[in-house]
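Shown next, in structure tokens, is the structure this report addresses.
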Amino acid sequence: MSEQKRTTIILFSGDYDKVMAAYIIANGAAAYDHEVTIFHTFWGLNALRKDETIEVKKTFMEKMFGKMMPRGADKMGLSKMNFAGFGPKMIKDVMKKHNAMTVPQLIEMAQEQEIKLVACTMTMDLLGLSQAELLDNIEYAGVAAYLADAQEGNVNLFI
Amino acid sequence: MSEQKRTTIILFSGDYDKVMAAYIIANGAAAYDHEVTIFHTFWGLNALRKDETIEVKKTFMEKMFGKMMPRGADKMGLSKMNFAGFGPKMIKDVMKKHNAMTVPQLIEMAQEQEIKLVACTMTMDLLGLSQAELLDNIEYAGVAAYLADAQEGNVNLFI
Amino acid sequence: MSEQKRTTIILFSGDYDKVMAAYIIANGAAAYDHEVTIFHTFWGLNALRKDETIEVKKTFMEKMFGKMMPRGADKMGLSKMNFAGFGPKMIKDVMKKHNAMTVPQLIEMAQEQEIKLVACTMTMDLLGLSQAELLDNIEYAGVAAYLADAQEGNVNLFI
């Protein structure tokens, strides 16, 4: 009897390349039969944003955050060589040529593989993001839930 | 009989938001009865700096590092949307409105919860930081001590 | 009978300071008798580049990436206080004064300690890096090989 392995990733970063790395590892781990959780906090929450504008009542500050942060991974920059937005275009062109999956496709695959996608409610509050603005079929939790998963984990990463 | 769980965080980053994330996880883990260590290295050491100027004999280079690096977490920038220092102000305003703890308060709480705060002596040397400039009641150690903690750990993160 | 401990690091970052941190931890863990793997992906691959120009047939895009990315750790910038390349010079001057090992020396030491240095083949393809451009005696693998190592690991870090 072998017990199930577990991978738990905190996705803090809101860079296209780091989000891509997180989802590639997560999808790999799920294919490897791990139970996988990605806990999205701070800028990593933006990976879960729907790309249309959602009408939600917000304070002035929340509106500003909402406007300045990318709506979904596809609008994110790179952690390196961003070149005012030209870097992501280069990477995406190259990915297309290699038939690599885009980040939105990797997220879709993660949902199909039943990877648990969690949005950190504390940072949602801070950044003024509401559930209506995020993808469907994700979970909402705080640091206690993260720790409950992570402390049983084999692979724990902060990205 | 259940053995005590352990969380060990390397805090390398000197960004306000990442330091906040590290201390929220650490305080959560301590509340969850983990034995917790935060090992501060490189820019993460600045989270432990006292905010007043301390008179210490330094070389020219050490003085320059000392002046350019923030004295304490409260003076740090953000990893994203820093906007020449306007970003941290926005985040702090929002945190205040949500009654969220500031990073200096989170560090204080960590000390009350007996989280082991360690300063990496090797990088202190490199950056010219002396013990007199750092908070009281912290420990001083190197990579061997980190590994001794981490290899028994359940949750190991590099932030 | 005590089983051998294992440390597995994903080196995603291409900043001199973060690469240095990764190799210091890795060398420390190896000295501590861990089995150690550093899995280089994305910008972290640049730490493994030879510093001369290697003639390889490349597409236009691959040539551009090749030119823009640093050839080896010695040409990398810092994650903080880079100051248009002045920061790395400052750090290296200070390291020299403290007789600290440079990153190329740390990499050499890692190879002597039989740390497994792995280059992620998927991101090599994306960035157009070929085996001829990377250091000798490294391994080539993908996310499945990483997970096989990491899931048995005691210390897993994403840097």
Side-chain angles (χ1 to χ4, degrees), chain A residues 2-13 15-36 38 44 78-83 86-103 106 150 152-159, chain C residues 6-16 18-19 37 39-47 58-70 76-79 82 120-129 141-159:
Chain A
S2 79
E3 63 176 318
Q4 197 178 11
K5 303 278 185 183
R6 189 193 286 264
T7 291
T8 307
I9 295 172
I10 300 184
L11 181 53
F12 174 98
S13 165
D15 299 313
Y16 190 85
D17 44 347
K18 288 195 168 176
V19 174
M20 179 157 67
Y23 272 90
I24 288 172
I25 296 166
N27 278 310
Y32 229 80
D33 264 332
H34 284 215
E35 210 177 308
V36 185
I38 307 180
L78 293 181
S79 68
K80 281 262 163 234
M81 308 211 309
N82 193 49
F83 302 128
F86 186 61
K89 200 187 153 344
M90 279 179 66
I91 285 280
K92 285 174 199 169
D93 280 357
V94 168
M95 284 167 67
K96 208 170 183 176
K97 198 173 281 175
H98 285 85
N99 291 315
M101 292 174 85
T102 65
V103 175
L106 286 166
E152 308 301 339
N154 303 81
V155 182
N156 286 318
L157 303 171
F158 183 99
I159 297 184
Chain C
R6 191 193 285 264
T7 290
T8 307
I9 295 171
I10 300 184
L11 181 53
F12 174 96
S13 165
D15 300 313
Y16 190 85
K18 289 196 168 175
V19 174
T37 303
F39 186 82
H40 300 72
T41 187
F42 283 88
W43 322 110
L45 282 169
N46 293 317
K58 296 201 180 200
T59 65
F60 173 72
M61 210 62 133
E62 287 170 350
K63 262 184 216 149
M64 276 189 67
F65 273 117
K67 271 202 206 313
M68 291 182 307
M69 295 189 305
M76 290 176 173
L78 292 181
S79 69
N82 193 48
C120 169
T121 47
M122 194 209 84
T123 44
M124 283 176 65
D125 276 357
L126 277 189
L127 301 175
L129 292 171
V143 70
Y146 161 71
L147 283 162
D149 277 352
Q151 70 179 6
E152 308 300 338
N154 302 80
V155 181
N156 285 318
L157 303 171
F158 182 99
I159 296 184

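When reading the values below, keep in mind they use all heavy atoms of this one structure, side chains included, and skip hydrogens, waters and symmetry mates. Below, chain A is the first sequence line, B the second, and so on; all start at residue 1. Given the structure is predicted, the values throughout are model-derived calculations rather than measurements.
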Quiz item: For A:Phe158, which residues count as a ring-ring contact (aromatic ring centres under 6.0 Å, His included) partner, sequence neighbours excluded?
Solution: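 ring-ring contact (aromatic ring centres under 6.0 Å, His included) check on A:Phe158 returns A:Phe12.
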Minimum-distance pair of heavy atoms, taken over all atoms of [X] and [Y]:
X	Y	result
C:Asn156	A:Asn154	ND2-O, 3.1 Å
A:Ile24	C:Val143	O-CG2, 4.2 Å
C:Leu126	A:Met20	CD1-CE, 4.2 Å

Quiz item: Any side-chain heavy atom of C:Ile10 within less than 4.5 Å of one from A:Ile25?
Solution: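 Yes, their side chains come closer than 4.5 Å.
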Practice problem: Enumerate by number any residue of residues 26-33 of chain A whose heavy atoms lie under 4.5 Å from heavy atoms of chain C; in the absence of such residues, state 'none'. | Solution: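 Counting heavy atoms that sit under 4.5 Å from chain C, the residues of residues 26-33 of chain A involved are A:Gly28, A:Ala29, A:Tyr32.
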Exercise. Answer with side chain, backbone, both or neither: which region of A:Lys5 has an atom nearer than 4.5 Å to a non-hydrogen atom of chain C?
Key: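 Just its side chain gets close to chain C.
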Practice problem: Check whether A:Met90 gets within reach of chain C through its side chain, its backbone, both or neither, counting any heavy atom under 4.5 Å. | Solution: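 Both parts, backbone and side chain.
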Quiz item: So which of A:Met95, A:Lys97, A:Met81 has the largest heavy-atom pair count under 4.5 angstrom toward chain C?
Solution: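 Winner by heavy-atom pair count: A:Met81.
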Self-check item: Trace of the side-chain contact (heavy atoms from CB on, under 4.5 Å) decision for A:Lys80 with C:Asp15
Solution: CA-CA 9 Å; A:Lys80 281 262 163 234; C:Asp15 300 313; 2.4 Å; yes
Quiz prompt | A:Asn82: partners by side chain to side chain contact (heavy atoms under 4.5 Å, CB included), with sequence neighbours left out | solution =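 A:Leu78, A:Pro88.
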Self-check item: For C:Thr123, side chain to side chain contact (heavy atoms under 4.5 Å, CB included) partners two or more places apart
Solution: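 Partners of C:Thr123 under the side chain to side chain contact (heavy atoms under 4.5 Å, CB included) test: C:Thr41, C:Phe42, C:Leu45, C:Cys120.
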